[in-house]
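Let me begin by presenting the structure, written as structure tokens, before commenting on it.
Keep in mind that the numbers below use all heavy atoms, side chains included, and drop hydrogens, waters and symmetry copies. Numbers here are sequence positions counted from 1. Predicted model only: the values in this text are computed from it and were never measured.
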Amino acid sequence: LSPSGRIFTLFVIFFGVGNVAYLVGQFTTAMVEGSIRTALGRRKLESQIRNLKKHYVLCGYGRIGRMIALEIAKKGLPLIVIENHPEVLDLLDKDGLLYIRGDASDDENLEAAGIHKAVGLISAVSSDADNLYIVMSARSLNPDLFILSRASEERSIRKLKGAGADRVISPYLIGARKMAQTILRPTVADFLETTVHSEGGGGLVMEEILVTPASRIRDVTLMESNIRRDLDLIVIAIKTSSGRMLFNPSAQARIEEGDTLIAVGHRDNMAQLEKLLGADAIKPNYPRNGRKS
């Protein structure tokens, strides 16, 4: 209570109030900036989604869905994910993928994902019932869409195809077959692993490439194309524009616009063939169940 003590108390009060005001200001700034950053980020995300076209819609970002998404993104194809579980959204942000939070069976979310402008939809949620509903909704919104669905049970495959899925994949069935092939035909399994999965084999890949109108190799025979000589690639099959599959085509087999070449070789050489066959060569030519390819 002495004069010197009162002066000391005044300084303590002054600096204490100042520190509190500074901390409150910093906290408020952080909150405001964070909200603004989040709002701007979401607005940018929505703008990117609106500009999507000829893209793929992936429903479900579980273990299988994430592997599918990363493979598609690695190929450089546009993709958007629809996911409803909050704990997965952080993983989507980390992977840098476009996404919509919501139920994929909801028509509004499918429309928000640009289902009318998409070229393909992959339904990879864990429930067959949910996959069935998603397939039905997607097919009703876009009759020309290529739809690939996951099936947990073999009995669901027929139902999903009946609902409008062009292709149905059972991961468990494929896994069982692959394990059996590894036991029965280990060398064949190793070759397929080397060519189908691009991580191994020193760059050896198997690829399907569409012959486009811009192709510099069309209306010629396989021998005249010099694919084997110039690019050191092996064409193991040709799927014609009519849907006919030519396995181990002869040297006189003709390459025509609309055909799809299935080739094996090194990744760098495959990229050169894609350029020769046109800028859109990497886009698959999907066979549809009774619908136009």
Between [X] and [Y], is there a donor-acceptor pair closer than 3.5 Å when you use the side chain of the first and the backbone of the second?
X      : Y      : result
Arg139 : Gly164 : yes
Glu224 : Thr221 : yes
Asn269 : Gly265 : no
Ser105 : Ile134 : no
His55  : Ala113 : yes
Asn248 : Ile236 : no
Arg167 : Ser149 : no
Thr240 : Arg244 : yes
Asp219 : Glu256 : no
Lys117 : Asn51  : no

Quiz item: Yes or no on side-chain contact (heavy atoms from CB on, under 4.5 Å) for Ile217 and Leu277, after CA distance, side-chain angles and deciding distance?
Solution: CA-CA 6 Å; Ile217 302 178; Leu277 294 179; 4.0 Å; yes
Practice problem: Start with the C-alpha distance between Leu98 and Val81, add both sets of side-chain angles, then the distance that settles side-chain contact (heavy atoms from CB on, under 4.5 Å), and finish with yes or no. | Solution: CA-CA 6 Å; Leu98 297 177; Val81 180; over 6 Å; no
Would you compute the distance between atom [atom1] of [X] and atom [atom2] of [Y] and round it to the nearest 0.5 angstrom?
X      : Y      : atom1 : atom2 : value
Asp103 : Tyr133 : CG    : OH    : 9.0 Å
Lys239 : Leu210 : NZ    : CG    : 10.5 Å
Ile157 : Leu173 : CD1   : CG    : 6.0 Å
Met245 : Thr260 : CE    : OG1   : 8.0 Å
Ile238 : Glu208 : CD1   : CD    : 13.5 Å
Glu257 : Thr212 : CD    : OG1   : 7.5 Å

For a quick test of reading the model, state the closest non-hydrogen atom pair linking [X] to [Y] and the distance between them.
X      : Y      : value
Leu58  : Leu79  : CB-CD1, 3.9 Å
Ala138 : Leu145 : CB-CD2, 4.2 Å
Leu231 : Gln272 : CD2-OE1, 3.4 Å
Ser152 : Ser170 : O-OG, 4.3 Å
Pro78  : Lys53  : CG-O, 4.2 Å
Ser241 : Asp259 : N-OD1, 3.0 Å

Given side chains that start at C-beta, do those of [X] and [Y] come closer than 4.5 Å, heavy atoms only?
X      : Y      : value
Arg150 : Ile64  : yes
Ile174 : Arg177 : no
Ile82  : Leu110 : yes
Ile80  : Ile49  : yes

Self-check item: ILVMFWY clustering at 4.5 Å (side-chain atoms), partners of Ile13
Solution: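 Result for Ile13 is Val17.
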Quiz item: With ILVMFWY side chains joined below 4.5 Å, transitively, what does Val20's cluster contain besides itself?
Solution: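 Direct or chained contacts put Val20 with Val24.
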Transitively linked via ILVMFWY side-chain contacts under 4.5 Å: [X] with [Y]?
X      : Y      : result
Val220 : Met223 : no
Leu91  : Tyr99  : yes
Ile169 : Tyr56  : yes
Met136 : Val125 : yes
Phe247 : Ile234 : yes

Exercise. Determine, step by step, whether Cys59 and Leu121 satisfy the side-chain contact (heavy atoms from CB on, under 4.5 Å) criterion, reporting the C-alpha distance in whole Å, the side-chain angles of both residues, the deciding distance to 0.1 Å, and the verdict.
Key: CA-CA 8 Å; Cys59 305; Leu121 177 138; 4.0 Å; yes
Quiz prompt | Passing candidate, side-chain contact (heavy atoms from CB on, under 4.5 Å) with Val135, options Asp166, Ile147, Val168, Leu148 | solution =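 The passing option is Ile147.
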Exercise. Could you check Ile227, Val264, Leu261 and say which one makes a side-chain contact (heavy atoms from CB on, under 4.5 Å) with Leu233?
Key: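 It is Ile227, the one option of Ile227, Val264, Leu261 that forms the side-chain contact (heavy atoms from CB on, under 4.5 Å) with Leu233.
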Self-check item: Counterpart residues, salt bridge (Lys or Arg N to Asp or Glu O under 4.0 Å), relative to Arg6 (two or more places apart)
Solution: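 Partners of Arg6 under the salt bridge (Lys or Arg N to Asp or Glu O under 4.0 Å) test: none.
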Quiz prompt | Partners passing side-chain contact (heavy atoms from CB on, under 4.5 Å) against Phe8 (at least two apart in sequence or in another chain) | solution =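 For Phe8, the residues satisfying side-chain contact (heavy atoms from CB on, under 4.5 Å) (neighbours in sequence not counted) are Val12.
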Quiz item: side-chain contact (heavy atoms from CB on, under 4.5 Å) with Ser250: which residues, sequence neighbours excluded?
Solution: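 Applying side-chain contact (heavy atoms from CB on, under 4.5 Å) to Ser250 gives Gln252, Ala253.
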Exercise. Determine whether more than 12 heavy atoms belonging to other residues, nucleotides or ligands lie under 6.0 Å from atom CD of Glu154.
Key: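 Not buried by this count: 12 neighbours or fewer within 6.0 Å.
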Quiz item: If you draw a 6.0 Å radius around NE2 in His116, do more than 12 non-hydrogen atoms from other residues or ligands fall strictly inside?
Solution: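 Yes - once you tally the heavy atoms of other residues, nucleotides and ligands closer than 6.0 Å, there are more than 12.
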Quiz item: If you measure only the distance, is there a donor-acceptor pair under 3.5 Å linking the side chains of Asn131 and Ser123?
Solution: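 Yes.
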Practice problem: In sequence, state the C-alpha distance, the side-chain angles, and the governing distance for Asp95 and Arg66, and then conclude on salt bridge (Lys or Arg N to Asp or Glu O under 4.0 Å). | Solution: CA-CA 9 Å; Asp95 293 336; Arg66 184 169 186 253; 2.8 Å; yes
Practice problem: For the pair Lys75 and Glu207, evaluate salt bridge (Lys or Arg N to Asp or Glu O under 4.0 Å) and give the outcome as yes or no after the intermediate values. | Solution: CA-CA 12 Å; Lys75 194 69 175 178; Glu207 187 63 87; 2.5 Å; yes
Practice problem: For the pair Ile255 and Leu222, evaluate side-chain contact (heavy atoms from CB on, under 4.5 Å) and give the outcome as yes or no after the intermediate values. | Solution: CA-CA 6 Å; Ile255 300 174; Leu222 192 58; 3.8 Å; yes
Quiz item: Does anything in residues 78-91 pair up under salt bridge (Lys or Arg N to Asp or Glu O under 4.0 Å), and if so which pairs, sequence neighbours excluded?
Solution: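 As it turns out, there is no salt bridge (Lys or Arg N to Asp or Glu O under 4.0 Å) pair with a partner in residues 78-91 once direct neighbours are skipped.
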